[in-house]
Amino acid sequence: MSRKRPKLKPSLKEDEKLKAELEKAFGETVKVWIPRAKRMFIKVKPGDHRKVIQWMRDNWDLQHVTSVTGVDKGDTFEIVYNLYKYQGYRTYPNVKTEIPKKDPKIETIVDILPSADFYEREVHDLLGIVFENHPNLERLILPDDWPEGVYPLRKDWLPEGVE
Amino acid sequence: MAVLDKLVTWSRVKSPWVFHMNCGGCNACDIEVIAALMPRYDIERFGMLLVGSPRHADVMIGTGTVTRQIAPRFKRLYEQMPEPKFVMAVGNCAISGGVFAGCYNVLKGLDKVVPVDIYVPGCPPKPEAIIDGVAKLLAKLQGG
Amino acid sequence: MSTVKIPIGPQHPALKEPINVTIEVEGEQVVDGKVRIGYNHRGIEKACELRTYVRDIYLLERVCGICSHSHTTTFTQGVEELLDEDVPRRGLYIRTIVCELERLHSHMLWFGVAGHEIGFDTLLHYSWRDRELILDLLEMISGNRVNYAMNTIGGVRRDISKDMIPTLKKGMDTFRERCEYYLKLCSEEPTVLERTQGVGVLPTHMARKLGAVGPTVRASGVDMDCRKDDPCAAYDEVPFEVCTWDSCDVFARVAVRILEMIQSCNMIQWMLDHLPKDEIRLKLKRRVPEGEVLSRYEAPRGELIHYIKSNGTDTPERVKVRTPTLANWPSVEYMLKGCYIADVPIIVASIDPCISCTDRITFVDVEKEKTWMWDSNQLRRYGIEFYKKKRW
C-alpha cells in the first residue's frame, strides 16, 4: 500500500517577482506560468522570442542556454528554449514558441546567446527546422550519408529495423 | 616449415596481441575490457597485450552498438589486420544490437559487418567473462 | 608559417566513443579546432517515444555506461514529478548514495585516463585499482559493477541492509585516504604540474558565455552545481560544499574532481548515519497524465537534463536528453586555440568527454600537398617527448 508523505513545497515568492517583471516589460505578448518553484514557462509568438531572450540577457544577465528542444505536434513544431538564470535567484526559464510544419523557419538566437549553437544544429538535423541567420547550420549528429529531407524525429517517420 | 608453423601458433596462443575498438556503444563494455588489464585482474601477466594498431594484432575485440557510421571504418580496420585474424564480439549490443535493436542508425550485431569467432554475452560482461572468452578463443586456436 | 590541417578521427584506446576533431596548425601551435560528433548516434530519443516509461528506464540506462545511474535518476524523478507523487525518503537516500558512489567511480576513472594521457601510466594503474574498491561496494548494493538498475518509477528496487553499512563506511574511509594522497601527489609531482598548469585555459567569462557545465565550469571559478541550485533526491538535506578552483586550467579541473571525491565520501557517510526508516518505493500507475517537466541532475560530468512531455498514455510523447558533454564541446573548440599540438590530448580529455576518441590523425601540409599518418598513441607519445625535450 502506498503511503504518501506530504513534502513541504518551497515558496514561489521569488518566481512570482520575476514573472511580474516579465509581464511589466512585455504585457500581453507573453503568457507566463509557474508549475513549481524554479521553473518558469513563457509562451510567445515566433518573432517575439528574440526580444524576450535579449531582455533576459540584458536585465537578468542570463547567458546560459541549457538546451533547445523541438517537439513535433502534428501540424506545428513547438520549440522550447531551456535557459538558466545564474545571477541572483537561480531559476530555469523556458521560452516556448510554435511554428507551422509547412514552413518550419525561425530566427536564430546564436547572436544573443552563443551557447545555443550546437543545440540549434541538433534540432535542425533531427527535425528539419531552419534557423535563419545561423552562421553554421551543418549536420551535427546524423551520418554524412543520411538522405536529405529525412528527419528521424518527426512523428510520421518510423525506423524500419535497419539490417 | 611445419616447425615454423608450430612455433608461430605457440607464440600466438601464449601471447595474443589484442586490438580493441569501440563501435559506438555506451562504454560499459569498454571499461570492463580495460578493467581486465588493470591490477585487479591483470591479464597482461598471461601475455595478453593491448596494442594501438590493428596491423600488430591477432585478435580484434569489438564492443558496443555498431552504428552505421562506424561499420565501414570497422571493416577497414579488420582488413588491415594480418592473417590469421580473429574477432571477438563483447556485449549484447555487439552480438545482436542489445537494447538498441530496432533503432535507426544501429546494425543488429557485429557479424553483419565482419565474421565473428567468439561471442561474449552480458550487459556488460564482467572481466571474468571476457577473460573466459579469450581463453576459449585460445583453445580454439590451439585446436587448429 | 603555413597552416596545416590535422583531422583526428574516431577512436581512442582509453575508452569512450568516437569523435572527429580537425585542428589547424602553424608550426607547433594550434590555430583553430573544429569538432564533428555523431559517430555514436543511436536514435535513443526516437526509441523512447515507441516504448513505455518502464522500458525507457532500461534504455536510458545504457546511454552511457559510466553515468548510467544519472540518466535513470533524472528520468525517474521527472516521471515522478509528472505523476505528482513523492518518493519515500529512504528511497531518496539510497538513490542519492548510489549517485554519489557513481560520482566517485567516474572521477577516479577519469583521473586514471588523464594520467594515461600525460604519460603517467603508474597513475592509471593505481587509480583504477582504487576504483575497484568502489565497484565492489556497488556490486554489494546492486548486484552489478556497471549498469546497476537501482532506479524505478516510484523509488529504488533494492535496499541497503544493516550489515552492509559498516563495509560501506570502512570503504569510504579507505577511499578518502587515497584521494588525499592523490591531491598531495598532484600538487607536488613536477610531471603533472608541467603538463597541466597553464594548459587549456578557459577564462571565467568565456566559460559562462559558451555554456560550459560541470567540473569544467567549476574549475573556472563559477559555482554552478545543480545539487545546490535545484536540489533533487536527498540533496536538500545532505550538507556539502560546491568545489571551485580559480586557475581555469587543466590542473584546476584535476583539483576540482579530487575535492569533489572527498566531498562525496563525506556525504555518503553522513547519509549512512542518517538513513531514515521507511519504505523504498511506491507502486505508481502506468498512465502518466498530460504535462511537461524539465528534470535536472548533476551527473559526474556536469548538468544533465531530461525534458519529458507526456500525453496521458503509458508512452512518452517526447523525451529529450541533453548530456553534459554536448554542452562542453564549444569550450574545447575555444581551448584548442593557441595551445601546442602536444597539449591536444589532455585538453580534450580534461572535460571528461563521454566519447571514445580513437584517432587516426592525418597531417596535411597544405603548401607542399604532403600527407602522413599518426595514430593516437603516436600523438600521445609525441606530447610526452615534446615536454621531455622542453625540460632538458
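Source: prediction; values computed, not measured. Quick note on labels: first sequence line is chain A, next is B, and so on, each numbered from 1.
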Does some side-chain heavy atom of Phe41(A) sit less than 4.5 Å from a side-chain heavy atom of Pro35(A)? yes
Name the region of Lys85(A), side chain, backbone, both or neither, that has any atom closer than 4.5 Å to a heavy atom of chain C. neither
Which one of Arg208(C), Lys309(C), Lys320(C) has the most heavy-atom pairs closer than 4.5 Å to chain A? Arg208(C)
Heavy-atom count check: over 12 atoms from other residues, nucleotides or ligands less than 6.0 Å from Asp103(A) CG? yes
How are the rings of His64(A) and Tyr84(A) set relative to one another: parallel (under 30°), tilted (30 to 60°) or perpendicular (over 60°)? perpendicular
Does any heavy atom of chain C fall under 4.5 Å from the side chain of Arg154(A), the backbone, both, or neither of them? backbone
Does the salt bridge (Lys or Arg N to Asp or Glu O under 4.0 Å) test come out yes or no for Lys285(C) and Asp314(C), once each step is laid out? CA-CA 9 Å; Lys285(C) 49 186 195 278; Asp314(C) 61 354; over 6 Å; no
Residue pair Glu16(A), Lys13(A): steps toward the salt bridge (Lys or Arg N to Asp or Glu O under 4.0 Å) verdict: CA-CA 5 Å; Glu16(A) 295 284 345; Lys13(A) 211 168 57 167; over 6 Å; no
Can you tell me if NZ on Lys337(C) sees more than 12 non-hydrogen neighbours from other groups inside 6.0 Å? yes
Please rank Leu284(C), Val222(C), Asn311(C) by heavy-atom pairs under 4.5 Å with chain A and give me the top one. Val222(C)
Test of ring centre spacing under 6.0 Å for His124(A) and Phe131(A): no
Do you know which of Glu303(C), Glu317(C), Arg296(C), Glu45(C) has the most heavy-atom pairs under 4.5 Å to chain A? Arg296(C)
Structural part of Val110(A) lying under 4.5 Å from a heavy atom of chain C: neither
Tell me, for Ala212(C) versus chain A, whether the close heavy atoms (under 4.5 Å) come from the side chain, the backbone, both or neither. backbone
Report yes if some heavy atom in the side chain of Asn82(A) is under 4.5 Å from a heavy atom in the side chain of Val68(A); otherwise report no. no
By a 4.5 Å heavy-atom criterion (distance strictly below it), what part of Asp117(A) contacts chain C: side chain, backbone, both, or neither? neither
Proximity breakdown for Arg281(C) and chain A, heavy-atom pairs closer than 4.5 Å: neither
Flag the one option from Lys73(A), Glu138(A), Lys155(A) with the top tally of heavy-atom pairs under 4.5 Å to chain C. Lys155(A)
Contacting moiety of Lys209(C), where chain A heavy atoms sit under 4.5 Å: both
Residue Asp223(C) versus chain A: region with a heavy atom under 4.5 Å: both
Test Asp230(C) against every option in Arg39(A), Lys38(A), Arg90(A) by the side-chain hydrogen bond (donor to acceptor under 3.5 Å, both in side chains) rule and name the one that passes. Arg39(A)
Heavy-atom distances under 4.5 Å only: say whether Glu122(A) touches chain C with side chain, backbone, both or neither. side chain
Side chain, backbone, both or neither: which part of Asp125(A) has an atom under 4.5 Å from a heavy atom of chain C? neither
Can you tell me how the ring of His71(C) sits relative to the ring of His306(C), calling it parallel under 30°, perpendicular over 60° and tilted otherwise? tilted
With a 4.5 Å cut-off on heavy-atom pairs, point out which of Leu294(C), Val293(C), Leu326(C) contacts chain A the most. Leu294(C)
Counting only heavy atoms closer than 4.5 Å, note whether Leu210(C) contacts chain A via side chain, backbone, both or neither. backbone
